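Residue indices begin at 1 and follow the sequence shown. These numbers were taken from a predicted model, which means no experiment stands behind them.
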Amino acid sequence: MKHLDKIYKQSGIAWFTPVELFKPWYAQGIAEAILRTANLSVPLKIYEIGGGSGTCAKGILDYIMLNAPPRIYNNMTYTSVEISPTLAEIQKQTVGEVHGHLSKFKVEHRDAMDRSGWGDVEQQPCWVIMLEVLDNLPHDLIYSESQVSPWMEVWVEKQLDREGLSELYKPLHDSLIKRCVEILELDKNDTKQSSIVSKAWSKLFPKPRRCWLPTGCMKLLEVLHAALPKMSLIASDFSFLPDVKVPGERAPLVSTKKDGHSSDYSNFLYAKGDADIFFPTDFWLLERIDHYCSGWLKLQKDKSSLQGKKRRTITIDTSSFMEEFGLPSKTRTKDGYNPLLDDFKNTKFYLSVPTHNIN
């Protein structure tokens, strides 16, 4: 921890992702998972969304070059979809440290949530990697006066007679918010008895509700499923965040870091431009959104379709993932403590691969 504190103070960077802290071992665990699962009879095609400094890309390319049959490495492509022009250039430099990688690697400077950037539908199998992407995607906030009152959209407005920002509540109108709410409501029991009891209870003890919805994740997965219907997905992110002061279900951690010390906000309206915002990933909801965007969950609403799931999915702890696919012996300290396995207990991996029902 002292070593980590020293790194942060020297770099001036507020937060390092696990793939940076544990390079190259973290990325090589992901590469091994891909090699074990991929259909290697066709050229390996990998997309990474939000590739940071290129550490993951270089680690995966290094591992495949050294551990896979030569034809796999020689015929593969690795595309980084990066919205930041600065990071796009850094990625090229990082991967370019190994000259042989340059013919396999390219950076596309664009927004992954823009469907037009993906071009025609890709019919071949491919892999999509998203490391610590979901926690920074846009979210929407909805509000309800009580347990049974209808959800309202939360807008933020600047009032002329006030210095700060304030919330404004409107009926649900945004299509992304509506679809997210629909997914949340699909599994709820709508029996008359439970409805009558809950209404009576909410009248006696009304309790306002606030709920943060991963609408950015929803939009991204809709685009990915439309453009890459045969994709296999590996995503890693925070399943919960400690010491969150902002109220609401799936509420974010809003934090500022100065001189190595962080301070958290209790209201997202106070942090105007000088704070990091991290959202926890509800992996149950992520799986539901994945099935919804694949088209399967929509078919289940009327209960008449017998079609099987279009995705095979699993959510596992980071430690379990790295024990299975990584080389944890490389990060074990002299006394047996292993930060790769013992730290980041609040992170998980989500793997989603297509089934034979995708057509």
Side-chain angles (χ1 to χ4, degrees), residues 1-37 48 50-68 90 94-95 97-98 129-136 234-245 252-253 255-264 276 278-283 286 314-351:
M1 296 306 294
K2 288 180 181 178
H3 177 66
L4 196 58
D5 188 53
K6 183 180 177 182
I7 291 174
Y8 276 122
K9 287 181 177 177
Q10 287 177 344
S11 67
I13 295 174
W15 188 76
F16 281 113
T17 59
V19 75
E20 295 282 353
L21 288 177
F22 302 115
K23 62 183 178 185
W25 316 115
Y26 194 92
Q28 292 190 2
I30 296 170
E32 175 63 20
I34 291 174
L35 287 178
R36 284 199 215 169
T37 317
E48 184 181 3
S53 63
T55 298
C56 181
K58 183 178 181 298
I60 289 176
L61 286 163
D62 285 348
Y63 188 84
I64 293 176
M65 179 181 67
L66 295 171
N67 295 278
I90 293 174
T94 301
V95 176
E97 292 173 7
V98 178
I129 300 171
M130 297 192 297
L131 305 181
E132 285 72 49
V133 169
L134 300 176
D135 60 56
N136 284 129
I234 293 184
S236 174
D237 232 301
F238 297 96
S239 54
F240 73 92
L241 294 167
D243 306 321
V244 172
K245 297 179 179 179
L253 179 67
S255 179
T256 297
K257 199 163 191 175
K258 293 180 180 178
D259 301 322
H261 299 285
S262 60
S263 56
D264 301 334
D276 288 317
F278 301 96
F279 284 90
T281 296
D282 182 338
F283 282 88
L286 172 62
I314 185 172
T315 299
I316 56 176
D317 295 333
T318 296
S319 58
S320 299
F321 180 91
M322 288 300 167
E323 283 180 329
E324 177 65 31
F325 300 111
L327 292 169
S329 61
K330 298 291 186 180
T331 54
R332 187 178 297 120
T333 58
K334 291 179 180 179
D335 66 352
Y337 165 72
N338 195 328
L340 179 64
L341 305 180
D342 300 330
D343 291 348
F344 295 99
K345 290 289 189 183
N346 59 337
T347 62
K348 295 181 185 293
F349 270 86
Y350 176 73
L351 283 75

Give a yes or no answer on whether the side chain of [X] reaches the backbone of [Y] with a donor-acceptor pair at less than 3.5 Å.
X: D237; Y: D135; value: yes
X: N346; Y: F238; value: no
X: N338; Y: P328; value: yes
X: T347; Y: T318; value: no
X: D5; Y: M1; value: no
X: D335; Y: Y337; value: yes

What's the shortest heavy-atom distance between [X] and [Y], and which atoms?
X: A27; Y: G59; answer: CB-CA, 3.9 Å
X: C56; Y: I129; answer: SG-CG2, 4.5 Å
X: A31; Y: Y63; answer: CB-CD2, 3.6 Å
X: T333; Y: P339; answer: CG2-CD, 4.3 Å
X: V95; Y: G54; answer: CG2-O, 4.1 Å
X: F344; Y: P18; answer: CE2-CG, 3.7 Å

>> Test of understanding: with side chain to side chain contact (heavy atoms under 4.5 Å, CB included), list the residues that count as partners of T17, not counting sequence neighbours.
In response: W15, V19, E20, E132
Spatial distance of atom [atom1] ([X]) from atom [atom2] ([Y]) [nearest 0.5 Å]:
X: E32; Y: T37; atom1: CD; atom2: OG1; answer: 9.0 Å
X: R332; Y: L327; atom1: CZ; atom2: CG; answer: 10.5 Å
X: T331; Y: L341; atom1: OG1; atom2: CG; answer: 5.5 Å
X: K58; Y: L61; atom1: NZ; atom2: CG; answer: 9.0 Å
X: I64; Y: Q28; atom1: CD1; atom2: CD; answer: 10.5 Å
X: E324; Y: S319; atom1: CD; atom2: OG; answer: 12.0 Å

> Within a strict 4.5 Å, meaning less than it, do heavy atoms of the L134 and F279 side chains meet?
Replying inline: no
> side chain to side chain donor-acceptor pair (under 3.5 Å) with S255: which residues, sequence neighbours excluded?
Replying inline: D264
> Pick from I30, L131, T281: which one makes a side chain to side chain contact (heavy atoms under 4.5 Å, CB included) with S236?
Replying inline: L131
> Per the side chain to side chain contact (heavy atoms under 4.5 Å, CB included) rule, which among Y350, F321, F283 passes with I316?
Replying inline: F321
> Between the side chains of T94 and S53, does any donor sit under 3.5 Å from an acceptor?
Replying inline: no
> Would you call the rings of F22 and Y26 parallel, tilted or perpendicular, where under 30° means parallel and over 60° means perpendicular?
Replying inline: parallel
